[in-house]
Amino acid sequence: MIQVLIYSIMVIAFIIWLTNESKHKSKWGVNLKRVYCPVCQTKQPIIRIPDNKAEALWGGTTCPKCHTHLDKYGDVIHKL
Ligand SMILES: [Zn+2]
C-alpha cells in the first residue's frame with residue numbers, strides 16, 4: 001500500500017514538473033497544441049516525421065511548405 005502512495009506522489013511530482021517545464025518552453029516540456037509555421041502560417045501535421053536526431057529526440061518539426069525548422073512550440077530554430 002505504501003508503494004502505491006509513493007508511486008502516486010512520484011507521478012504527481014512528474015506532472016507538475018512537466019507542466020512547469022512546458023510553461024517555460026523548456027526542451028523537456030511537452031506541447032500538445034497544434035503548431036503553426038510562423039513564416040507561412042501553415043498548420044503543421046500532428047504526425048511529424050523527424051528530419052534529424054534533434055527533432056526525433058526533442059520534438060519539433062520541419063514546415064512542409066517552406067522547410068523552416070520549428071521547435072515543438074512553433075518557434076523558428078533556423079530558416080533554410
Ligand atoms: Zn512554413
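Order of appearance sets the numbers: ligands from 1, and atoms from 1 within every ligand. It should be emphasised that the depicted structure is a prediction, and the values quoted were computed from it without experimental measurement.
In this structure Lys25 satisfies the salt bridge (charged side-chain N to carboxylate O under 4.0 Å, His left out) test together with Asp75, sequence neighbours excluded.
Counting only protein N, O or S atoms, the number found under 2.8 Å from the Zn ion (ligand 1) is 4.
A donor-acceptor contact shorter than 3.5 Å is absent between the side chain of Gln41 and the backbone of Val39.
Each of Phe14 and Ile9 belongs to its own hydrophobic cluster when Ile, Leu, Val, Met, Phe, Trp and Tyr are linked at side-chain heavy-atom distances under 4.5 angstrom.
Within the model, atoms NZ of Lys43 and NZ of Lys65 stand 14.0 Å from one another, a figure rounded to the nearest 0.5 Å.
Heavy atoms from other residues, nucleotides or ligands lying under 6.0 Å from CH2 of Trp17 number more than 12.
Scanning all heavy atoms of the two residues, the minimum distance from Val30 to Ser22 falls at N-OG, 2.8 Å.
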